[in-house]
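This one's a predicted model, so the numbers in the text were calculated from it and none came from an experiment. Protein chains get the first letters and strands the later ones, always in sequence-line order, with residue 1 at the start of each.
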Number of protein chains: 2
Amino acid sequence: MAKSITRKNSTRKEMISLAAARLFREKGFNATGMRDVADAVGIEAASLYNHIRSKSELLQEICFRVANEFHAQLNELDQKPNLNSLDRLTAVIRQHIHMWVTRLDEVIVANNESKYLDDPYNATFQNERKVYARRLEQIIEDGIKKGQIRKVKPYVVVQTILSAVRGIEFWHRTKKNISIEDLTSTMISHLIEGLKK
Amino acid sequence: MAKSITRKNSTRKEMISLAAARLFREKGFNATGMRDVADAVGIEAASLYNHIRSKSELLQEICFRVANEFHAQLNELDQKPNLNSLDRLTAVIRQHIHMWVTRLDEVIVANNESKYLDDPYNATFQNERKVYARRLEQIIEDGIKKGQIRKVKPYVVVQTILSAVRGIEFWHRTKKNISIEDLTSTMISHLIEGLKK
DNA sequence: GTCTATATAAGGATAGAC
DNA sequence: GTCTATCCTTATATAGAC
């Protein structure tokens with residue numbers, strides 16, 4: 001009984017969160033009104049507050065859900081010690097593209113709207129990003145040390161890769177005849193071949 | 001006399017525009033109030049309207065100033081017919097990085113806040129972006145045809161390069177000991193070597 | 001849990017004195 | 001050209017009936 005109530009609540013809340021993610025992505029966090037979110041789920045704005053505490057809370061949950069997911073995927077990769085650096089980077093790129101394709105709204109919100117998080121959430125989130133990037137830099141450094149990667153600045157390479165993948169946001173808008181596979185293979189070959197010795 | 005009035009006006013308006021660019025970048029267009037802009041130039045909010053028509057107009061001028069500048073720089077490159085495709089792409093990357101370094105606020109606003117332009121400006125601006133990207137695709141296609149560039153999807157490569165350069169926005173935030181030269185050379189080698197046959 | 005009604009605050013823009 | 005005062009709209013969030 002308690003379980004069914006919980007599930008009903010969380011399902012409702014999930015709907016609100018996903019609707020918010022779509023709206024925050026399309027119109028931006030500040031330009032999205034609670035009335036917009038309410039309309040999207042078919043209730044009045046006031047009713048939202050039976051499920052969420054505030055508009056800020058919606059943003060927080062979206063951003064940290066995404067951050068946690070990215071870290072979890074990187075954790076999985078860490079448990080495959082027999083991958084070399086370039087294979088590891090390739091897998092990271094694939095993971096990112098997969099996230100972009102399957103959870104576009106949330107990922108874009110986490111990238112573009114996280115700056116509107118209130119403190120201390122804002123600082124925490126930016127730190128998550130930094131830690132994640134640092135983990136990727138380690139992969140590059142390892143590859144340089146082992147002679148698989150040219151002598152580059154790991155920090156710059158990581159930012160280049162992360163930014164490049166992030167650009168899929170704009171790819172989505174146009175109606176090009178490019179499959180996910182073409183997209184993935186072109187990006188990987190471009191970004192990985194450019195690192196080889 | 002008329003000239004001095006004109007110059008005075010345009011200087012004042014320039015100050016407002018640059019202050020707005022900085023604020024729009026830092027806080028976002030919607031989170032920036034006219035009172036914020038007024039504070040930044042040291043006048044009252046009402047006084048702004050002697051120089052500008054509306055908050056939207058500020059955004060429009062910033063975005064199209066940037067768009068025109070990028071097109072102008074590409075036009076310059078077009079007048080050097082003896083450059084090959086890879087050199088041409090390298091020059092484009094250098095131009096972009098230079099814009100990011102010298103006019104960071106305006107470029108970030110044009111990239112991140114242009115979606116808040118009212119129609120028809122929004123549609124016009126997005127089209128400018130599309131035309132610009134198409135011009136870069138032509139360079140890639142040319143390089144493939146002449147055997148300098150591997151067989152890649154030009155559209156994806158252009159988006160990868162544009163997105164990668166765009167990421168300098170985030171590079172700026174951290175205090176890494178990386179010079180502009182290291183940044184530029186690492187990005188160029190990474191993004192250009194990855195295209196060579 | 002959802003509704004109607006509303007409190008409270010903030011934002012863009014204008015009027016009119018100086 | 002700049003100011004003070006203010007209009008008008010919109011937004012988040014709450015109160016209380018059902």
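The interatomic distance linking B/Ile43 (CD1) with D/dG1 (P) rounds to 11 Å, in whole Å. Taking atom CZ of A/Phe29 as the reference point, atom P of D/dA11 lies 13 Å away to the nearest angstrom. The CD1-P distance, from A/Ile52 to D/dA13, rounds to 7 Å in whole Å. Put simply, CD on B/Glu57 is 10 Å from P on C/dA13, counting in whole angstrom units. Between A/Leu59 atom CG and D/dT12 atom P the separation is 13 Å, expressed in whole Å. Distance, A/Lys27 NZ to D/dT10 P: 12 Å, rounded to whole Å. A straight line from CG of A/Asp118 to C1' of D/dT12 spans 13 Å, rounded to a whole angstrom. If you take OH of A/Tyr49 and C1' of C/dT6, they are 14 Å apart, rounded to a whole angstrom.
Taking the six-membered ring for Trp, A/Phe70 and A/His98 have ring centres at least 6.0 Å apart.
Between D/dG1 and B/Ser47, no contact under 4.0 Å exists linking OP1 or OP2 to a side-chain N or O.
Among D/dG1, D/dT12, D/dA5, the nucleotide with an atom closest to any side-chain atom of B/Ala46 is D/dA5. Listed nucleotides D/dA13, C/dT4, D/dT4 differ in distance to A/Lys55; the shortest reach to its side chain belongs to D/dA13. Distance from the side chain of B/Ser54 is smallest to C/dA13 among C/dA13, C/dC3, D/dG1.
Linking ILVMFWY side-chain heavy atoms closer than 4.5 Å, directly or via other members, places A/Tyr49 and A/Ile43 in a single hydrophobic cluster. A/Val101 and A/Val92 fall within a single hydrophobic cluster, where Ile, Leu, Val, Met, Phe, Trp and Tyr side chains are chained together by heavy-atom contacts under 4.5 Å.
With sequence neighbours excluded, the residues forming a side-chain hydrogen bond (donor to acceptor under 3.5 Å, both in side chains) with A/Glu193 are A/Lys196, listed by chain and number.
No hydrogens or angles considered: a donor-acceptor pair under 3.5 Å links the side chains of A/Arg65 and A/Ser17. Side-chain contact annotation: A/Asn122 with A/Gln126, donor-acceptor N/O pair under 3.5 Å present.
For the pair B/Arg129 and A/Phe170, the distance from NZ or CZ to the six-membered ring centre is under 6.0 Å and the angle to the ring normal is within 45 degrees.
Less than 4.0 Å separates DNA chain D from at least one heavy atom of each of the following residues of residues 30-42 of chain A: A/Thr32, A/Gly33, A/Met34, A/Arg35.
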